[in-house]
Amino acid sequence: MIAAIGVLALILGLVLGLPQANGGGINGSAEALEGATSPSWYPSPKGGTVDQWAESYRKAAALVRKMSLAEKVNITTGTGWPMGPCVGNTGTTNAGFPSLCLQDGPLGIRFADSITVFPAGITTAATWSRKLMYDRARALAKEAKGKGVNVLLGPCVGPLGRSPLAGRNWEGFGSDPYLQGIAGGLSVQGIQDEGVIATAKHFVANEQEKFRQLSESLSQGFKDVTSPLSSNIGDRALRELYIWPFMDTVRMGVGSVMCGYNQINNSIACQNSYILNGILKDELGFQGFVVSDWLAQRSGVASVLSGMDMTMPGDGLLWADGDSLLGPQLTRAVLNGSVPIDRLDDMALRIVATWYQLGQDDASYPRPNFSSWFRTSIGPTYAGVGPSAGHSLQNSYADVRDDHHEVARAIAAESITLLKNTNGALPLKSGKDAKKSIMIFGSDAGPNLLGPNGCPDRSCNNGTLGQGWGSGTAEYTYLVTPLEAIQAKALADRTMVEYVLDDYQYSAINSTAGKAPNATCLVFVSSDSGEGYASAEGVLGDRVDLKLWHGGDKLILSVAERCSNTIVVIHSVGPVDMEAWIEHKNVTAVLMAHLPGQESGTAVLDVLYGSVNPSGRLPYTIGKSLADYGPAAPILKQPGGPAPQQNFSEGLYIDYRHFDKQGITPRFEFGFGLSYTTFEFSDMVITQTLVPTEFPPARPIGVPAPELNSTIPPSSQLGFPLGMVRLPKYIYPYLSDTTVTKSSAPYPYPPGYSTTPHKPSPAGGAQGGHPALFDTIFHVTVSVFNTGSLPGKAVPQLYISYPNGTGIDFPVRSLRGFDKVAAGPGETVAVGFDITRRDLSYWDEKKGNWRIPLDKKGNIGAYEIFVGDSSRGNGVTGRTKVVKV
Ligand code: NOJ
């Protein structure tokens with residue numbers, strides 16, 4: 001379509017930051033990724049093409065038909081920062097569609113009172129418990145709904161953890177796409193089963209904080225930088241690692257997906273037509289709406305045509321200036337024809353259909369009853385304007401916690417990963433057998449002297465570390481410190497407790513540690529990171545190394561030199577370098593307690609004293625050095641040009657895939673964790689349930705999307721309604737000047753833009769991708785035998801090795817199944833795993849499809865299947881039969 005261009009649309013064109021035409025398939029090599037470009041994919045696929053959403057789209061069509069152009073625009077655009085109770089608020093309509101409240105986040109309701117601070121994503125992943133993943137999400141969503149949140153800004157399934165230093169890895173579920181996908185999918189299910197719209201974020205390849213946002217780069221003094229970091233990535237690694245978890249969230253029917261701040265192959269994530277139109281909406285069949293990360297939108301028309309459906313917080317290039325790239329600009333762009341009206345209809349339909357799909361049209365769905373901006377009950381209705389715009393009741397202090405501390409504590413305890421336990425150091429004994437004396441060391445055991453919420457968005461590491469920092473945090477209603485919990489237990493046991501909480505008072509540390517030769521010494525240490533807009537102790541988001549903070553190594557060694565029973569507890573955002581002390585003979589036990597949230601103390605007590613037998617497993621590898629993680633590990637710290645380029649030239653080889661390929665022995669491998677009992681896995685039985693074809697069969701045809709056939713109204717109807725009081729910086733859909741001049745020059749559309757339907761991907765056809773990708777091909781059972789003397793929970797993990805002789809490069813092992821099972825002493829439990837077509841396939845870049853590798857004779861070769869207690873631990877191995885095709 002060649003449309004005429006209007007004056008304001010021209011302004012939009014100036015900020016297009018156009019995606020470049022693609023140079024063809026990208027194979028992941030460093031040379032190929034240099035200056036990578038992203039293909040174009042237009043027009044944006046319409047929502048309403050899968051059966052499960054048909055009814056919601058039917059209802060949405062009926063409602064959107066009643067909306068004026070201004071109303072449609074209004075629901076796509078935030079009202080501005082901070083112009084409403086939530087971090088994101090959409091505009092209103094007269095058609096019966098409310099302003100939506102969008103609120104962080106993945107571990108608790110941000111900026112709200114009387115809520116639960118659940119364990120972080122990384123902690124939840126470390127439980128390897130599908131039940132707890134689901135239960136956490138469901139409880140979180142109950143709280144969101146109780147506070148009147150429509151759209152919860154989680155789960156976070158990216159960053160994936162390409163680099164162990166990336167500041168926000170802790171918000172998600174670990175460095176393996178399968179684990180991340182299961183946890184992400186179950187989180188969506190749990191959130192949406194409560195009727196709250198989940199948001200899978202950050203789409204996609206948003207793998208470090210530094211340079212993610214232009215404003216942050218400039219404020220850090222990188223004056224020559226002109227655009228966000230580009231994650232340059234080949235199609236295969238993109239699908240097999242970074243898109244994979246998003247597939248699972250879409251398959252679970254996720255209502256919204258947040259496009260990230262970064263670029264992908266030099267095209268901004270929120271205006272990358274290949275990523276949003278092509279992969280998300282066509283290939284993955286996403287039916288909900290794409291919301292921009294806050295100020296991640298960098299253009300008007302280009303973003304809309306590329307598949308972004310909602311802009312947040314509404315302001316455009318700068319915070320709180322009221323100058324939106326949608327709002328009145330979108331109104332004008334539709335009036336002058338540069339944005340086809342059916343694209344606006346699709347944006348509105350996607351938003352309204354999602355609301356119906358989650359049942360939020362039910363009149364009993366709560367309205368927001370809290371304010372993100374202040375705690376008094378009455379306060380300014382529009383915090384961004386201040387008192388002049390009137391006051392209203394904002395905080396009703398609804399206590400939405402119910403019994404959610406129980407699930408929070410269960411996750412915090414079940415995630416604790418026992419890494420070392422010599423001489424039966426743990427569990428500690430209780431009652432009359434209890435130790436006479438316990439010594440506690442480290443600020444990480446105690447309170448933050450500024451209070452649990454003393455630092456904005458938790459951007460400090462004072463006292464025990466329960467969350468990282470940034471938008472993915474919440475305000476503690478309470479935080480039980482380890483010191484408190486241990487003190488209470490010691491009181492009952494008549495144990496003496498002494499402590500030094502100052503990490504640097506070595507004379508006090510040394511004299512206390514050397515005081516009682518038979519004491520148990522507990523050393524609490526931490527390592528923190530967070531989101532790039534804030535810093536703690538000079539760390540600007542991403543970690544600078546894998547070291548413990550506050551001289552943790554020295555603290556541990558100081559104690560271990562003097563105390564023969566030194567037990568180390570770590571609270572951390574990810575792996576830490578333990579080499580300085582891990583082999584010390586007096587370091588008898590090590591617990592990785594991740595980021596436990598409010599139940600820190602209660603949970604660690606459960607494990608220390610054995611009321612919970614540890615069953616956490618590492619959701620990442622703990623290497624012996626940063627260098628051992630390979631070329632993906634360093635954070636790009638120098639821009640190297642106006643658009644910082646980060647080449648994902650390692651392809652599939654991150655975390656354990658890299659260690660395995662290079663034959664590097666980690667300190668503790670991915671999936672590792674001990675128990676107070678022992679398990680043996682045996683008796684593998686592999687049953688083939690289906691003979692697959694090399695490629696999925698022809699793509700199923702969905703249902704037709706609703707057509708509204710709207711007409712463009714006269715521009716005179718789009719002025720501000722007479723007598724309307726306008727708030728400063730509040731974003732309205734109306735035009736101050738309703739003259740819409742059409743230019744005779746063609747509109748400068750992004751290269752490749754077309755309204756002719758694009759060829760659909762053969763890998764699509766249902767939510768999450770082609771339905772055949774989720775067909776079970778093999779069913780595997782193993783026996784899990786508790787060989788020890790205590791009841792416990794085992795985590796059998798299934799890894800596949802692809803057949804030899806295919807000519808395709810594959811990782812040594814890839815996680816493709818896991819379960820968590822309880823077994824009493826001497827008990828044997830059978831465990832089953834389904835291996836699907838996707839699990840056995842690779843992404844063929846040339847064919848643009850998932851493909852099962854064939855050997856030279858054209859057969860499906862034997863896959864090696866390993867079920868073990870970690871990615872390279874003890875277990876049982878079997879092989880599938882060669883299949884003639
Ligand atoms: C930016 C963060 O990247 C995103 O995760 C969050 O949801 C928004 N800010 C809103 O706070």
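None of these values were measured; they are calculated from a predicted model.
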Distance alone, cut at 3.5 Å: any donor-acceptor contact between the side chains of Thr588 and Asn423? no
Can Arg236 and Asp809 be said to form a salt bridge (charged side-chain N to carboxylate O under 4.0 Å, His left out), step by step? CA-CA 11 Å; Arg236 184 170 171 209; Asp809 185 36; 5.6 Å; no
Output yes when a side-chain donor or acceptor of Ser529 lies under 3.5 Å from a complementary backbone atom of Gly167, and no otherwise. yes
Taking side-chain hydrogen bond (donor to acceptor under 3.5 Å, both in side chains) as the criterion, tell me which of Asn786, Asp869, Asn613 meets it with Ser675. Asn613
Hey, can you tell me if Tyr620 and His594 have their rings parallel, tilted or perpendicular (30° and 60° cut-offs)? perpendicular
Determine, stepwise, if the pair Ser801 / Arg879 fulfils side chain to side chain donor-acceptor pair (under 3.5 Å). CA-CA 9 Å; Ser801 303; Arg879 290 177 93 76; over 6 Å; no
Please say whether more than 12 non-hydrogen atoms of neighbouring residues, nucleotides or ligands are located less than 6.0 Å from CG in Asn804. no
For residues Asp528 and Trp549, report the shortest heavy-atom separation together with the two atoms involved. O-CZ2, 3.3 Å
Side chain Ser129, main chain Leu132, donor-acceptor under 3.5 Å: yes
Evaluate the salt bridge (charged side-chain N to carboxylate O under 4.0 Å, His left out) criterion for residues Arg667 and Glu583: first the C-alpha distance (whole Å), next the side-chain angles of each, then the deciding distance (0.1 Å), finally the verdict. CA-CA 10 Å; Arg667 174 53 63 182; Glu583 288 182 6; 3.1 Å; yes
Please name the pair of heavy atoms, one in Ile860 and one in Val885, separated by the smallest distance, quoted to 0.1 Å. CD1-CG1, 3.9 Å
Distance only, no hydrogens: is a donor on one side chain within 3.5 Å (strictly under) of an acceptor on the other, for Thr776 and Thr836? no
How far apart are the C-alpha atoms of Glu579 and Lys624, what are their side-chain angles, what is the distance that settles it, and do they pass the salt bridge (charged side-chain N to carboxylate O under 4.0 Å, His left out) test? CA-CA 6 Å; Glu579 294 311 297; Lys624 292 183 182 166; 5.4 Å; no
The ring pair (Phe, Tyr, Trp, His ring centres under 6.0 Å) partner of Trp843 among Phe810, Tyr242, Trp850, Phe695 is Trp850
Geometric cation-pi criterion Arg130 and Phe818, 6.0 Å radius, 45° cone: yes
Spacing of Arg872 atom CZ and Gln797 atom CD [to the nearest 0.5 Å]: 13.0 Å
Kindly say whether Leu854 contributes a backbone atom to a donor-acceptor pair with the side chain of Asn859 at under 3.5 angstrom? no
Could you go step by step and tell me if Ile852 and Arg837 meet the side-chain contact (heavy atoms from CB on, under 4.5 Å) rule? CA-CA 8 Å; Ile852 295 197; Arg837 172 190 280 275; 4.1 Å; yes
Report yes if the distance between the aromatic ring centroids of Tyr863 and Tyr802 is under 6.0 Å, otherwise no. yes
Nearest heavy-atom pair of Gln208 and Ala166: which atoms, and what distance? CA-CB, 4.3 Å
Might you work through the side chain to side chain donor-acceptor pair (under 3.5 Å) test for Asn461 and Ser526, ending with a clear yes or no? CA-CA 8 Å; Asn461 184 9; Ser526 68; 3.0 Å; yes
Is a side-chain N or O of Gln180 found less than 3.5 angstrom from the main chain of Gly174, in a donor-acceptor match? yes
Taking the six-membered ring for Trp and the full ring for Phe, Tyr or His, determine whether the centres of Phe659 and Tyr629 are under 6.0 Å apart. yes
Quick one: do Asp248 and Arg838 make a salt bridge, cutoff under 4.0 Å? yes
Any donor-acceptor N/O pair, Asn421 side chain to Leu426 backbone, under 3.5 Å: yes
Closer than 3.5 angstrom, by distance alone: can the side chain of His202 be matched with the main-chain N or O of Gly158 as a donor-acceptor pair? yes
List the steps and the verdict of side chain to side chain donor-acceptor pair (under 3.5 Å) for Ser527 and Arg543. CA-CA 9 Å; Ser527 185; Arg543 304 168 78 185; 2.9 Å; yes
Backbone N/O of Gly161 and side chain of Ser163: donor-acceptor pair under 3.5 Å: no
Are Arg168 and Glu531 close enough for a salt bridge, meaning some N to O gap below 4.0 Å? yes
Side chains of Gln263 and Asn232: any donor to acceptor distance under 3.5 Å? no
Which pair of non-hydrogen atoms, one from Ala425 and one from Asn565, has the smallest distance, and what is that distance? CB-OD1, 3.7 Å
Tell me, yes or no, whether the heavy-atom count around Lys420 atom NZ, taken from other residues, nucleotides or ligands under 6.0 Å, exceeds 12. yes
Going through the distances and angles, do Met247 and Phe774 end up as a side-chain contact (heavy atoms from CB on, under 4.5 Å)? CA-CA 11 Å; Met247 285 176 87; Phe774 303 95; 4.3 Å; yes
For residues Val590 and Trp581, determine if any side-chain heavy atom of one lies less than 4.5 Å from a side-chain heavy atom of the other. yes
At their closest point, which heavy atom of Ala205 faces which heavy atom of Ser231, and how far apart are they? O-OG, 2.6 Å
Can you check side chain to side chain donor-acceptor pair (under 3.5 Å) on His584 and Glu561, steps first, answer last? CA-CA 9 Å; His584 196 294; Glu561 288 303 321; 3.0 Å; yes
Side-chain donor-acceptor pair present, Glu669, Thr621, cut-off under 3.5 Å: no
Heavy-atom donor-acceptor pair, Asp844 side chain to Arg851 backbone, under 3.5 Å: no
Does a salt bridge link Asp542 with Lys210, judged by any charged N lying under 4.0 Å from a carboxylate O? no
Would a 4.5 Å heavy-atom cut-off, applied to side chains only, mark Val525 and Val568 as touching? yes
Thinking salt bridges, do Arg162 and Asp655 make one under a 4.0 Å N-O criterion? no
When you look at CG of Asn874, are more than 12 heavy atoms from neighbouring residues, nucleotides or ligands closer to it than 6.0 Å? no
Take Leu419 and Met578 through the side-chain contact (heavy atoms from CB on, under 4.5 Å) test and state the conclusion after the steps. CA-CA 11 Å; Leu419 297 176; Met578 305 178 176; 3.6 Å; yes
Out of Ile686, Ile777, Val780, which residue meets the side chain to side chain contact (heavy atoms under 4.5 Å, CB included) rule with Ile835? Val780
For Glu650 and Arg657, run salt bridge (charged side-chain N to carboxylate O under 4.0 Å, His left out): C-alpha distance rounded to whole Å, both residues' side-chain angles, the deciding distance at 0.1 Å, then the answer. CA-CA 10 Å; Glu650 72 289 343; Arg657 289 167 171 82; over 6 Å; no
Regarding Lys820 and Glu414, does a basic nitrogen lie under 4.0 Å from an acidic carboxylate oxygen? yes
Whether Thr123 side chain and Pro119 backbone form a donor-acceptor pair below 3.5 Å: no
Would you please classify the geometry between the Trp244 ring and the Tyr178 ring as parallel, tilted or perpendicular, with 30° and 60° separating the classes? tilted
Quick check against the 3.5 Å criterion: does Gln662 have a side-chain atom that pairs as donor or acceptor with the backbone of Ile664? no
Would you say Asn586 and Ser564 are linked by a side-chain donor-acceptor pair, where the criterion is simply a distance under 3.5 Å? no
What are the two closest non-hydrogen atoms of Tyr274 and Ser38, and how far apart are they? CB-OG, 3.7 Å
